[in-house]
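What follows is a set of notes on a single structure, which appears directly below.
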Amino acid sequence: MELADRAVGLILTLTSLSIFTYYTFWVIILPLVDSDHFVHKYFLPQEYAILIPVYAAVALICLLSVFIGYVMLKSKKKKA
């Protein structure tokens, strides 16, 4: 099982690194490149650089709230 855990860890690390690199290039470097350069067709408009993380954070907070509520209800039923 240790090999499977290491493989999953490697996949998660590579995925996180690629998302971080893409986002960093999109937000920091791309505004410095001319708007008619061919590299702009590989990226979404700049407005999405803020909207996507905000929506992801709201979704994460909602899911965590539901999970915490579920755990609290479940533990309350065990005590009763």
Single-linkage hydrophobic cluster, 4.5 Å side-chain cutoff, [X] and [Y] together:
X: Tyr22; Y: Ile28; result: yes
X: Ile61; Y: Val54; result: no
X: Leu60; Y: Ile68; result: no
X: Leu51; Y: Val58; result: no
X: Phe38; Y: Phe25; result: yes

Item to check | Straight-line distance of Thr15 OG1 to Ile11 CD1, nearest 0.5 Å | outcome: 7.0 Å
Checklist entry - Are the aromatic ring centres of Phe43 and Tyr48 under 6.0 angstrom apart? => result no
Item to check | For Thr13, all residues meeting side chain to side chain contact (heavy atoms under 4.5 Å, CB included), sequence neighbours excluded | outcome: none
Item to check | Whether over 12 other heavy atoms sit under 6.0 Å from Tyr55 OH | outcome: no
Checklist entry - Between the main-chain N or O of Ala49 and the side-chain N or O of Trp26, is there a donor-acceptor pair closer than 3.5 Å? => result no
Checklist entry - What closest approach, in Å, do Leu30 and His40 show between heavy atoms, and which atom pair accounts for it? => result CG-CE1, 3.6 Å
